[in-house]
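Following: one structure in structure tokens, then a few remarks.
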Amino acid sequence: MYRNNSYLMEVAEKATVYRVGNSTIRLQGKTLFGLIGVSSCAILYVLYSLMPTNVGFRKNPRFGGANDIYFLPLLPYNTTYPLTKPVTLAGGWIKYRIGVIADMDLKAKSLEEEGSWISYLKTGYILYNPEYREVKVEWESAPTGMTLLKSSWGFGNRGMELSELLVFNGRLYGVDDRTGVIYEIEGNLAIPWVILTDGNGRHAKGFKSEWATVKDEHLFVGGFGKEWTSPTGELINDNPLWVKRVSADGRVSHWSWKKNFIALRDKLGINFPGYMIHETCGWSEKHRKWFFLPRRLSKDKYDEKLDEHMGSNHMLIAEEDFSAIEDVLVGEVSPTHGFSSFKFLPDSGDNIIVALKSEEDDGNVSSYILAFDLKGKILLSETLIVKDYKFEGIEFI
């Protein structure tokens, strides 16, 4: 064995001769191996530098099969908004396409398919005249203006109770306040994307996701900002005081916003067991501020029945770190009407808001749309969308 190893070393030490043109290059074995090693490392480095840092699955267009996948770099964040370009009409009117999403509560359970739940996406248009600062709304007629969405994802025999609608990373999403599922809405499909779990994330129960907004290329999904209590107001836990931060590739982190929600209550002189319920929040990139339109509020202890008449007309505008909060009144109080969603009108500099109000009174539900500016001036009075449906999410689509 020793002689064989020596022989191999002797061979490696011998010179290797290459001829290039009229020149002769003589390489010793060690030098040759060194050059091969250096070259290999250089090639590997180039290949590594060309590899994507983020890799995801996409359907392979070369084969077209539903099950054909391949690795493809995730694309940069898609800033397209709204998804449909607005149209300029005669008289200076600008027409924007909108959608509203339904939270059917117990009626979300399908009567036709066992183990299925449903929601509806209703579409229409907001028309805005910048010169006269007027806002109008038009709805598309059925069947194109009312899309049925179905899902087999449920929790506790409830599901598909979509409380918010928004565009994130160039896609349209609906947020379920019962299961914690975030659905991508594509045509008449509701495709589960991410599941949010309650509180700090270490719970089996789905997060009661009431609002969602986009900040710094991340999706923020919030609870209703009120301690979870019994129907008569006894404290159970603080899980609804958490907020979820979701990246474009679906990574979730859990943030306690207890101090922030308490700061919002403090602004209006409300202390526990008094409460404030938030079903809508929006981050303004233009103003670098948070905007809240509380659905209900009371300085008294929560009571499930009395709560239906605690509608709010406050708009709270908070600095990014909640160090200062401004309170603006929007129109008059409608006791049974409360804000459930809003979006800033595109191209308005985040100075005009289009919002939804929901009504739940003794089992009867209705939905309304309105528009106003940041001083609380009404540009579109509360307008009934439809009775017997509770639309709780609005977006420019």
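When reading the values below, keep in mind they use all heavy atoms of this one structure, side chains included, and skip hydrogens, waters and symmetry mates.
When the side chains of ILVMFWY residues are joined at heavy-atom separations under 4.5 Å, either directly or via intervening members, F372 and L345 end up in two distinct hydrophobic clusters. The same ILVMFWY cluster, assembled from side-chain heavy atoms under 4.5 Å apart, contains both L241 and V243. A continuous path of ILVMFWY side-chain contacts below 4.5 Å connects L148 to M160, so both sit in one hydrophobic cluster. In the hydrophobic clustering of this structure, L293 does not group with L356; members are Ile, Leu, Val, Met, Phe, Trp, Tyr whose side-chain heavy atoms approach within less than 4.5 Å, directly or through other members. One hydrophobic cluster, built from ILVMFWY side chains closer than 4.5 Å, cannot hold both I369 and L166; they sit in different ones.
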Can you check salt bridge (charged side-chain N to carboxylate O under 4.0 Å, His left out) on E210 and K208, steps first, answer last?
-> CA-CA 6 Å; E210 291 290 354; K208 188 167 175 55; 3.2 Å; yes
Apply salt bridge (charged side-chain N to carboxylate O under 4.0 Å, His left out) to R251 and D249, showing your working.
-> CA-CA 6 Å; R251 288 172 292 174; D249 59 358; 3.0 Å; yes
Given the rule in the salt bridge (charged side-chain N to carboxylate O under 4.0 Å, His left out) test, do K267 and D327 qualify, once you have shown the distances and angles that lead to the verdict?
-> CA-CA 8 Å; K267 180 63 180 179; D327 178 30; over 6 Å; no
When you look at R178 and D103, which way does the salt bridge (charged side-chain N to carboxylate O under 4.0 Å, His left out) test go after all the steps?
-> CA-CA 10 Å; R178 180 57 55 171; D103 178 353; over 6 Å; no
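Judged by distance alone, the side chains of W139 and S141 never bring a donor and an acceptor atom under 3.5 Å apart. Counting only N and O atoms by type, the side chains of S348 and N351 include no donor and acceptor under 3.5 Å apart. At a cut-off of 3.5 Å, with distance as the only test, a side-chain donor of S340 or S358 sits close to an acceptor on the other residue. Inspection of the E359 and S367 side chains reveals no N or O donor paired with an N or O acceptor under 3.5 Å. In summary, the side chains of K226 and T229 do present a donor paired with an acceptor at a separation below 3.5 Å, with no hydrogens or angles considered. In this structure, a donor-acceptor pair under 3.5 Å is absent between the side chains of H254 and N200. Under 3.5 Å, the side chains of E234 and T232 contain a donor-acceptor pair of N or O atoms. Checking N313 against H337 by side-chain atom types alone, no donor-acceptor pair falls below 3.5 Å.
Two rings, from F291 and F344, have their centers less than 6.0 Å apart. Taking the six-membered ring for Trp and the full ring otherwise, the centers of W257 and F322 sit less than 6.0 Å from each other.
Among all heavy-atom pairs drawn from P86 and I94, the shortest one is CB-CG2, 3.8 Å. Counting all heavy atoms, side chain and backbone alike, D198 lies closest to H203 at O-CD2, 3.1 Å. Of all heavy-atom pairs spanning W117 and S152, the tightest one is CZ3-O, 3.7 Å. Looking at every heavy atom in both residues, S284 comes nearest to D350 through OG-OD2, 2.7 Å.
Y302 and Y275 have perpendicular rings, their planes meeting at more than 60° on a 0 to 90° scale where under 30° would count as parallel. Ring orientation note: the planes of Y173 and F168 are tilted relative to one another, at an angle of 30° to 60°. Using a 30° and 60° split on the angle between ring planes, Y389 and F391 fall in the parallel class, below 30°. Using a 30° and 60° split on the angle between ring planes, F292 and F261 fall in the perpendicular class, above 60°. Ring planes of F220 and W290: perpendicular class, angle over 60° (limits at 30 and 60°).
Taking a 6.0 Å sphere around NZ of K377, one finds it holds 12 or fewer heavy atoms contributed by other residues, nucleotides or ligands. The neighbour count for Y132 OH, taken as heavy atoms of other residues, nucleotides or ligands under 6.0 Å away, does not exceed 12. Counted within 6.0 Å of NZ on K109, heavy atoms from surrounding residues, nucleotides or ligands total more than 12; the atom is thus considered enclosed. Counting non-hydrogen atoms of neighbouring residues, nucleotides and ligands closer than 6.0 angstrom, the NZ atom of K85 reaches no more than 12 such neighbours. Counting heavy-atom neighbours within 6.0 Å of K215 NZ, excluding the residue itself, gives a total above 12. Heavy-atom neighbours of K301 NZ from other residues, nucleotides or ligands within 6.0 Å: above the threshold of 12. Annotation for R202: atom CZ does not count as buried by contact number, only 12 or fewer foreign heavy atoms lying within 6.0 Å.
K387 has its side chain within reach of L384: a pair of non-hydrogen atoms, C-beta onward, lies under 4.5 Å apart. By the 4.5 Å heavy-atom criterion applied to side chains, L149 and I185 are counted as neighbours. In this structure the side chain of V167 never reaches within 4.5 angstrom of the side chain of T80, judged on heavy atoms. A 4.5 Å side-chain heavy-atom check between Y183 and W193 finds every atom pair outside the cut-off. Using a 4.5 Å heavy-atom cutoff, the side chains of T179 and I195 are not in contact.
To the nearest 0.5 Å, the span separating CZ on R171 from CG on L83 amounts to 11.0 Å. A distance of 5.5 Å separates CG of D373 from CG of L379, quoted to the nearest 0.5 Å. Taken to the nearest 0.5 Å, the CG atom of L370 stands 9.5 Å off from the CD1 atom of I353. One finds the CG atom of D321 at 11.5 Å from the CZ atom of R288 (value rounded to the nearest 0.5 Å).
Ionic pairing of E113 and K150 is present here: one or more N-O contacts between side-chain nitrogen and carboxylate oxygen are shorter than 4.0 angstrom. Salt-bridge check for K390 with E392: passed, with a basic side-chain N closer than 4.0 Å to an acidic carboxylate O.
In this structure, K357 fails the cation-pi test against Y368, since its NZ or CZ atom is not both closer than 6.0 Å to the six-membered ring centre and inside 45 degrees of the ring normal. Both tests hold for K244 against F207: distance to the six-membered ring centre under 6.0 Å, angle to the ring axis within 45°. Seen from the ring of W283, K343 does not count as a face-on cation partner, given the 6.0 Å and 45° thresholds.
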